[in-house]
Engineer: 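Below is one structure. I have some questions about it.
A note on names: the letters A, B, ... follow the listed sequences, proteins ahead of strands, and every chain is numbered from 1. Computed from heavy atoms alone, side chains included, the values below leave out hydrogens, waters and symmetry copies.
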Amino acid sequence: MDRPDDSLWAQLEPLLARVQKPARYIGCEDGMGSPDHRPDKVAWLLAYPDTYEIGLPNQGLQILYEILNERPDAVAERTYAPWLDLDEQLRAAGLPLFSIDTHRPAGDFDILAFNLAAELVYTNVVNMIDLAGAPLHSADRTDDDMFVVVGGHCAFNPEPLADFIDVAVLGEGEEVVGEITAVLHRWKGAGGHDRQAVLRELASVPGVYVPALYDVTYAEPTPGFTQGPIAAVTPNRADVPATVHKRTVADLGDWPYPKRPLAPLTEVVHDRLSVEVFRGCTRGCRFCQAGMITRPVRERPADQVRTMVADGLRQTGYNEVSLTSLSTADFSDIEPSVLGVLEDQQAAAPTGPDGMSLGCGTTINLPSLRVDAFTVGLAGQVASGRRSGLTFAPEAGTWRLRTVINKLIVEEDLYGAVESAFSQGWTRLKLYFLIGLPTETDDDVLGIAELAKNCVKIGRRHTTRASVTVSVGGFVPKAHTPFQWFGQNTREELQRKVQLLRSATRRAGNVNVKWHDPAATTAEGVVSRGDRRLGAVIERVWRDGGTFQEWGEQFDLDRWTAALDAEGLSLDWFVFRHRRADEVLPWAHLSAGLHHDFLWDDWQAALAESGIEDCRWTPCYDCGVCTGYGIEHVVASPVPPAGGSQGTGQDLSNGAAVPLHLTFTPVDAPSRRATDMAGAT
Amino acid sequence: MRVRVRYSKLGKVRFISHRDGARLWERALRRVAVPVAFTEGFTPRPRLSFGLALPTGAESTAEYIDIELVEGTTIDGADADRCLLTELSAALPIGMDVQVIAPLESDAGTRRKSLQDEVTSTTWELWGPGVEGSDFEAIADRLLAADELPLERERKGRRHVDDVRPLIHDLRPDETGTRLVADIATVGRGVRPAELASLAFAGTARADIRVLRTQQWIEQDGERREVLSLPVTVNALARGLSA
Ligand code: SF4
């Protein structure tokens, strides 16, 4: 229980009266456990390196929190990045980072484990390690210090953080957190001496990467650059694996978590229940790291989805649930699931449709859907009442470029979906696009404007209020994708393309263009494919006050370029340069299961404008994941769901025959963070 | 049918905003399956009306919410009342406890005044690390003896000086002599507890002064009475939690 002498609450309370949004720091959520600390337990402090509003809804963190607290040998609490005002107050008062569950100092925990969902949070990671009171560099930590662990999607290239972390975990955490706990529990029981020995033991756990056990050497500077590529990454001990492989849960049905979802006391970005319907995606979009690193597809049994929704709504009192995945319309049982959920909620409503009790007016949120007649219809079924906005993600403006990125949506189908949406009462569309994709020309950028104008034209047939918002983000190539070899567009080039798009839409009424700040895209590119040499750069940016880099008002690219200069490194090298086939990429010793040859061939296929099918419903093309790890797709339906897909064996050279696949979420969902879009016209 | 609920906001939850509190109530009512009526229209909202907003950071043992129930709902007998009371408290976060639930007589035809309009004054306790050891008696005497208490405020970007003396009905130390108790008017512009604190404890940072709302008063037949009064036992419990 919360023993008062272990809690910093009394000291924190006066500080919270001096900061904005103090509710971020109080905990007390529905679903919060009562962490039971005992000296022999392994104590995890699960950290999200951004604000509470962004971090609380994170499902990965909620799942691990619960799984760990169910173990007799572990206890877990949570922490989120304190905003600048509290950070300043804490440092002035000499107080450390604390858990929000029982307000214990971070130093009381054995492990500080970060969920890395984005690259620009890395300076917050460094800041939180420092605020926790641990030595900043893993090399300086001793037996008494905590272990710093990172996991989540960005942990697939943790090299820029190698100086600061003890361990990176690749892949899904459900099983591996227990294995790490077991190792540390034994170690603590034996007195907790010899940190190096226990790190070596941790490195033998599959999925666990200990950067300090690998040496990285660099080649001579490449002509025209101040630095050269990696020469080799070699384990510095015989018992350390040459390649670390990701962890994958074979059957999602075995992990019906979170069982007690956290419902916050203050508003957060996704303020609703989330139930994950499947994990993995094999549509094969070449820019998409999430799809590549989470293969294969594993669906949750439909009846489990239904139970989790019913239980979750009852426990939290929410009247909105999101059925989450990377492409929810691809869930085999999506239609019966949605109908089943609605049926359960009607049955749970004892008072009829005019009451507010459970079940009344429950809305189902379907993020990341394809857009075709089927899915727009599905959206119509679940959107009770307000139909203000729908979001579609065609990603590129022309069919040609969509074959390059393998997002195979033909215009006729997009327009069919748009027609269907406007005719069913929606008035605002939001279209997501990437700019700076491989092989992109100005025609592709102008194609975005064309598409948007045509959508408005269609909408005008149904309502004078029809409007389309075009959101463009600059493309950042990611590790473990076919585009990992591509040189990112420069800031100036992205800026130019944004201007091109703006002038092409300037005279088009009801088309709004929003764009992500190309400077932030550039900084993201620095760390996305960076190596260990960037540790010093991240540290400089942090020392210079550069935390919360995902927040526009805190971001300044000059800090990053100054730090790179000071270290003799360049943007050209890390961001804008195309990589060669034989280059040793910084993450070459880390594996998401994808064969190097598969990724390279797919990159070449992209340049040849050739698409690839979805292996969920068509024969395996041996990307390496299932074959290598002895796992397979868990998909209830042997055929693609109604509405079609790119996996139906159609002739991809003839775009007109391929149904479309778009994603959508309600436009009025709160933006992920304040700075997602830098401006609007 | 309408019911009026009196509840507390004590401890860590003092840091949630009035608006967050409204969202918590909606979730709690759904969890307990209270049949709340909805507004008509395209985006129906539950018919809940909250009393005077409590500033973020302030505590209270006297918060109110009026809940309109769907037609035909009855809450009969003390048992049903008590069970709803416990269930709602369990569905709300720690520190938010339901203390009294009372049905509101339906005055057929006449539109009821909202809770906010009915309340004419409130009672507060002020204390905190910044004002420990103050002579509350002397402070009370000083302020009450003043003919005028000018307070500079900003409205619509312009400075105004208001005399808030008439809005302060009474000031006194509490029984223990460690807190200042204030009765202040809520009609018109009213005076906020933080403003009162700045008059009473000039020079002390506002963040170092804790405030607790203990009563909200309405006028009836020339008498002031609490909106819903509290059973003595609950009061003691609530005060214990706040300490
Ligand atoms: S191994 Fe085959 S079936 Fe599995 S994800 Fe790769 S291509 Fe698809």
Engineer: Does Q116(B) CD have over 12 foreign heavy atoms under 6.0 Å away?
Structural biologist: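 Counting other residues, nucleotides and ligands, CD of Q116(B) exceeds 12 neighbours.
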Engineer: At a heavy-atom separation under 4.5 Å, does S17(B) approach chain A through its side chain, its backbone, both, or neither?
Structural biologist: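 Contact with chain A is absent: no heavy atom of S17(B) under 4.5 Å.
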Engineer: Mind checking the CZ-CD1 spacing from F15(B) to I26(A)? Nearest 0.5 Å is all I need.
Structural biologist: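 If I round to the nearest 0.5 Å, the distance is 8.0 Å.
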Engineer: Select one option (side chain, backbone, both, neither) describing which atoms of V13(B) are under 4.5 Å from chain A's heavy atoms.
Structural biologist: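 Interface part for V13(B): both.
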Engineer: Quick one: what part of E13(A) sits under 4.5 Å from any heavy atom of chain B, side chain, backbone, both or neither?
Structural biologist: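 Both backbone and side chain.
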Engineer: Which atoms of A91(B) are under 4.5 Å from chain A, going by heavy atoms: the side chain, the backbone, both sets, or neither?
Structural biologist: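 Contact with chain A involves the backbone of A91(B) alone.
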Engineer: Find out whether R18(A) and D208(B) are in side-chain contact, i.e. whether some heavy atom of one side chain is under 4.5 Å from a heavy atom of the other.
Structural biologist: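 Yes; the side chains approach each other to less than 4.5 Å.
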Engineer: So does R19(B) have more than 12 non-hydrogen atoms from other groups sitting under 6.0 Å from CZ?
Structural biologist: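 Counting other residues, nucleotides and ligands, CZ of R19(B) stays at 12 neighbours or fewer.
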Engineer: Enumerate by number any residue of residues 256-265 of chain A whose heavy atoms lie under 4.5 Å from heavy atoms of chain B; in the absence of such residues, state 'none'.
Structural biologist: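 Residues A263(A), P264(A), L265(A) are the ones that qualify, each having a heavy atom under 4.5 Å from chain B.
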Engineer: Which atom names give the shortest non-hydrogen contact between I16(B) and A23(A), and what distance separates them?
Structural biologist: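 Between these two residues, the closest heavy atoms are CG2-CB, 3.8 Å.
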Engineer: Any idea which of C28(A), G27(A), P22(A) has the most non-hydrogen atom pairs under 4.5 angstrom with chain B?
Structural biologist: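 The option with the most such pairs is P22(A).
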Engineer: Write out all pairs satisfying salt bridge (charged side-chain N to carboxylate O under 4.0 Å, His left out) with one or both partners inside residues 35-51 of chain B, taking only residues at least two apart or from two chains.
Structural biologist: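 Listed by first then second residue: E26(B)-R45(B).
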Engineer: Let me confirm one number: the NZ-CD1 distance from K12(B) to I100(A), rounded to the nearest 0.5 Å.
Structural biologist: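 Reported to 0.5 Å precision, the distance equals 9.5 Å.
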Engineer: Using the six-membered ring of Y318(A), assess whether NZ or CZ of R27(B) lies under 6.0 Å from its centre and within 45 degrees of the ring axis.
Structural biologist: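 So R27(B) does make the cation-pi contact.
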Engineer: Which atoms of R206(B) are under 4.5 Å from chain A, going by heavy atoms: the side chain, the backbone, both sets, or neither?
Structural biologist: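 Contact with chain A is absent: no heavy atom of R206(B) under 4.5 Å.
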Engineer: Counting only heavy atoms not in R465(A) (residues, nucleotides, ligands), do more than 12 fall under 6.0 Å from its CZ?
Structural biologist: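 Not more than 12 within 6.0 Å, no.
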